[in-house]
Amino acid sequence: GTANQIRTSALWGVRARNRLMHDGLTVTIFDAIQRHAGQATSARNAFNALSSSDRAAVIAFVLSL
């Protein structure tokens, strides 16, 4: 790793957190996904390409962890 890389926290217990992302400025899973870029751009774009019901299912899954 380099000084510019940040280790991402595990998603376990994410439903109990009131702040997300490394800076703590994001409060919803949807917004956290939208803020991802760089290496995660393709994952963000794939999420955005899902139907609204599939996006809701992904968010529900993440919140179940």
Side-chain angles (χ1 to χ4, degrees):
T2 68
N4 294 331
Q5 292 179 324
I6 298 172
R7 187 169 190 275
T8 303
S9 301
L11 290 175
W12 299 318
V14 73
R15 69 183 171 275
R17 298 179 199 155
N18 61 0
R19 297 286 179 192
L20 304 169
M21 301 293 290
H22 309 293
D23 57 13
L25 296 176
T26 305
V27 296
T28 69
I29 299 297
F30 179 84
D31 289 341
I33 292 169
Q34 297 310 311
R35 287 190 61 198
H36 277 80
Q39 293 177 334
T41 298
S42 61
R44 181 194 61 208
N45 293 346
F47 174 82
N48 289 337
L50 296 172
S51 68
S52 59
S53 62
D54 285 345
R55 283 193 304 267
V58 169
I59 291 171
F61 170 73
V62 170
L63 292 173
S64 76
L65 299 175

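Every value quoted in this text rests on a predicted model; they were computed, and no experiment measured them.
- The CD1 atom of I33 sits 8.5 Å away from atom OG1 of T28, with the distance rounded to the nearest 0.5 Å.
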Taking only distance into account, with no hydrogens and no angle test, what donor-acceptor pairs under 3.5 Å do side-chain atoms of residues 55-65 form with protein atoms, sequence neighbours excluded?
residue: R55; atom: NH1; partner: N48; partner atom: O; Å: 3.3
residue: R55; atom: NH1; partner: L50; partner atom: O; Å: 2.5
residue: S64; atom: OG; partner: F61; partner atom: O; Å: 2.6

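- Looking at L20 and R35, their side chains never come closer than 4.5 Å, going by heavy atoms from C-beta outward.
- Of all the heavy atoms in Q34 and R44, the pair that sits closest is O-CD, 3.4 Å.
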* Could you walk me through whether R19 and T26 pass the side chain to side chain contact (heavy atoms under 4.5 Å, CB included) check? -> CA-CA 6 Å; R19 297 286 179 192; T26 305; over 6 Å; no
